[in-house]
Protein chains: 2
Amino acid sequence: MAKTESNVDRLYDALRRMATDFSFKPDARINESALATQLDASRTPIREALNRLVAEGFLTFQSGRGFFCRSLSPELVMDLYEARVAVEVEAVRLAARRGDERDIAVLMQELEDIAPDYTSEADTEALLAMDERFHTQLCALSGNAELARMLANLNDRIRYLRLIDLRRLQAIGPHGQTMVSAHQRILDAVARRDAEGAMAEMRAHIERRREGATKAVRDAYAQLYVPEH
Amino acid sequence: MAKTESNVDRLYDALRRMATDFSFKPDARINESALATQLDASRTPIREALNRLVAEGFLTFQSGRGFFCRSLSPELVMDLYEARVAVEVEAVRLAARRGDERDIAVLMQELEDIAPDYTSEADTEALLAMDERFHTQLCALSGNAELARMLANLNDRIRYLRLIDLRRLQAIGPHGQTMVSAHQRILDAVARRDAEGAMAEMRAHIERRREGATKAVRDAYAQLYVPEH
DNA sequence: TAATGCAAAACTGTATACAGAGATGAGCGC
DNA sequence: GCGCTCATCTCTGTATACAGTTTTGCATTA
């Protein structure tokens, strides 16, 4: 039961990680042969994985010229955030209407348990991971696999910018408490079956960071093209 | 300028069409070699196209066993309809808030022009195409490419069931008028910048057919496994 | 008859080869 | 010095081959 993951899956995971954290620079062409040697595989399975990433919006493809990293623009980030609103607001509505009482309680407990980490955590990546985990689990309460899948895809595509946005936020002052209380307000509304309230809280929660994330695009470019200090 | 479409795109289009209309039976295994001869290509580009379709939710993939058609269940259809609500309700909200005045007028005009076709059209496929076109254009008014992309994907995945649902509806009596007036009410709300109203109309419009579509799953199986009469 | 095991067939996963298209850069003319 | 052309080199697109795995079908046994 060790070899549960096939080779193409391994390649796919590796390539998606490279795409999410912009190891491929925006709009840059992707060299298949180089990847093949780097990942110790032939071009055939690499191309299969790249094709999946095209369909998922991580890469683009131009016939005759090959694969390219997706571009990075404020407009795109805005679109992705709006799509997140669409998915998560409806998900939280469904969660409020029909989410399992037990599952909601479990999530509330977990939120309470890790609340100290939210507020103390200096590692921005860990904070982002906690935030993403909450949103993912909340979405799962809707019981809708398709919404969950969409959210996972959107999260992967904006993670890099959220990280930059969150770093800047933390530089100003600790914001873990703001985040945890926002999450609690949303979940409280779900628990009291207040769909409208939960939706409004969720929308506000996401839109509050939308501007920050689009502004982070500039910093993203700076980070991507500047050598490690 | 004839050869604007590459071979892999041709294969991709052909395979997606086969997937949308369930030329691949639900859960059935897909034979790559057979497809290769059928579509006059080798397995390599076929597999690239199949991988994209996996990422888009049309097919599934099991390591070592190959590609399979997605399954067809009432639960899945329910999920897809709920996802449609998420996408289209938010899209129409954005359209009402910021949709271009001119574009809205154009769409209203077009809706008026083809209204007679809606009501008279006996060809269910044409009626469905008109309906889909309206929803797509309305979504485009939001100016959000990501929402448009999501909707296109969802439409492809539920088209077969919508067709069956619509056929049954038409068998009872002509429903083109119901549809066109629903579309008009949504668009009117958008035109008067009534986001809440547009959202409510859109939600009701989609949810009204949700039950029908999930019920159509049974008929879908019957049609798929019965020889053409 | 049903279950089991085995051998053959069919199919998948991936490396490799090669043709052709696209990019690159040197050399030449202006 | 600037731009254009052509040769060369690189990289993509796809066919094909083959190894390894899964499935299938037959024969044997209880």
Side-chain angles (χ1 to χ4, degrees), chain A residues 1-19 22-71 225, chain B residues 1-19 22-71 225:
Chain A
M1 19 99 282
K3 206 232 181 189
T4 171
E5 188 168 73
S6 74
N7 189 33
V8 65
D9 287 338
R10 189 202 100 221
L11 294 174
Y12 170 75
D13 289 343
L15 291 169
R16 192 179 51 184
R17 210 166 309 124
M18 292 169 83
F22 283 101
S23 298
F24 306 124
K25 301 282 178 281
D27 297 308
R29 185 194 200 138
I30 291 170
N31 187 325
E32 301 170 13
S33 309
L35 278 181
T37 49
Q38 184 183 337
L39 296 174
D40 195 39
S42 80
R43 281 175 52 221
T44 310
I46 297 269
R47 279 179 67 101
E48 296 199 1
L50 291 176
N51 270 290
R52 287 201 201 182
L53 293 170
V54 168
E56 292 175 357
F58 292 101
L59 306 177
T60 62
F61 174 77
Q62 286 180 49
S63 181
R65 308 215 315 126
F67 297 89
F68 296 79
C69 185
R70 68 194 183 285
S71 56
Y225 290 104
Chain B
M1 21 98 287
K3 206 235 181 188
T4 171
E5 188 168 73
S6 73
N7 189 33
V8 65
D9 287 337
R10 189 202 101 221
L11 294 173
Y12 170 74
D13 289 344
L15 290 170
R16 192 179 51 184
R17 211 167 308 122
M18 293 169 82
F22 282 101
S23 297
F24 307 124
K25 301 281 178 280
D27 298 306
R29 185 194 201 136
I30 290 169
N31 188 324
E32 301 169 13
S33 308
L35 279 179
T37 49
Q38 184 184 335
L39 296 174
D40 194 39
S42 80
R43 282 175 52 220
T44 310
I46 297 269
R47 279 178 67 100
E48 296 200 0
L50 291 177
N51 270 292
R52 288 200 201 181
L53 294 170
V54 168
E56 295 179 66
F58 292 100
L59 305 176
T60 62
F61 173 78
Q62 287 179 49
S63 181
R65 308 214 317 124
F67 297 89
F68 297 78
C69 184
R70 68 195 182 285
S71 56
Y225 290 103

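Reminder, nothing fancy here: chain letters follow the sequence lines and each chain counts from 1. Any value given below was found using the heavy atoms of this structure, including those in side chains, with hydrogens, waters and symmetry copies removed.
Contact record, B/L11 with B/P45: CD1-CB, 3.6 Å, taken as the closest heavy-atom pair. In plain terms, the two heavy atoms of B/C69 and B/I30 that are nearest each other are N-CD1, 4.0 Å.
As a whole-Å value, the separation of A/E32 CD from D/dT12 P is 4 Å. A/R47 places its CZ atom 6 Å from the C1' atom of D/dT12, with the value rounded to the nearest Å. D/dT24 atom C1' lies 14 Å from atom CG of B/N31, rounded to whole Å.
For residues 35-46 of chain A, proximity to DNA chain D is found at A/R43, defined as any non-hydrogen atom under 4.0 angstrom from a strand atom.
Inter-residue side-chain proximity for A/L15 and A/L39 is flagged as met; some heavy-atom pair is nearer than 4.5 Å.
Under the rule for a ring-ring contact (aromatic ring centres under 6.0 Å, His included), A/F68 has no partner lying at least two apart in sequence or in another chain. Residues passing the side chain to side chain donor-acceptor pair (under 3.5 Å) test with B/S23 are B/D21, sequence neighbours excluded.
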Using atom names, set out every protein N or O paired with an N or O of nucleotides 19-23 of chain D below 3.5 Å, distance rounded to 0.1 Å.
unit_1: D/dT23; atom_1: OP1; unit_2: B/R65; atom_2: NE; d: 3.4
unit_1: D/dT23; atom_1: OP1; unit_2: B/R65; atom_2: NH1; d: 2.2

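Remark: A/R47 CZ to A/L35 CG distance equals 12.0 Å, nearest 0.5 Å. With rounding to the nearest 0.5 Å, the separation of CG in A/L53 from CZ in B/R52 is 11.0 Å.
Sorted by first and then second residue, the ring pair (Phe, Tyr, Trp, His ring centres under 6.0 Å) pairs with a member in residues 24-57 of chain B form an empty list; sequence neighbours excluded. Residue pairs meeting the side chain to side chain donor-acceptor pair (under 3.5 Å) criterion with at least one member in residues 35-45 of chain A, sequence neighbours excluded: A/E32-A/R43.
Across all strands shown, B/L50 has no heavy atoms under 4.0 Å from either base or sugar-phosphate atoms. Using a 4.0 Å heavy-atom distance criterion, B/F61 is classed as a sugar-phosphate-only contact.
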Just distance, no hydrogens or angles: give the donor-acceptor pairs under 3.5 Å from side chains in residues 54-62 of chain A, sequence neighbours left out.
unit_1: A/E56; atom_1: OE1; unit_2: A/Y12; atom_2: OH; d: 2.7
unit_1: A/E56; atom_1: OE2; unit_2: A/Y12; atom_2: OH; d: 2.6
unit_1: A/Q62; atom_1: OE1; unit_2: A/R65; atom_2: NE; d: 3.2

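The outermost nucleotides of DNA chain C lying under 4.0 Å from heavy atoms of chain B, listed 5' to 3', are C/dC11 to C/dT14.
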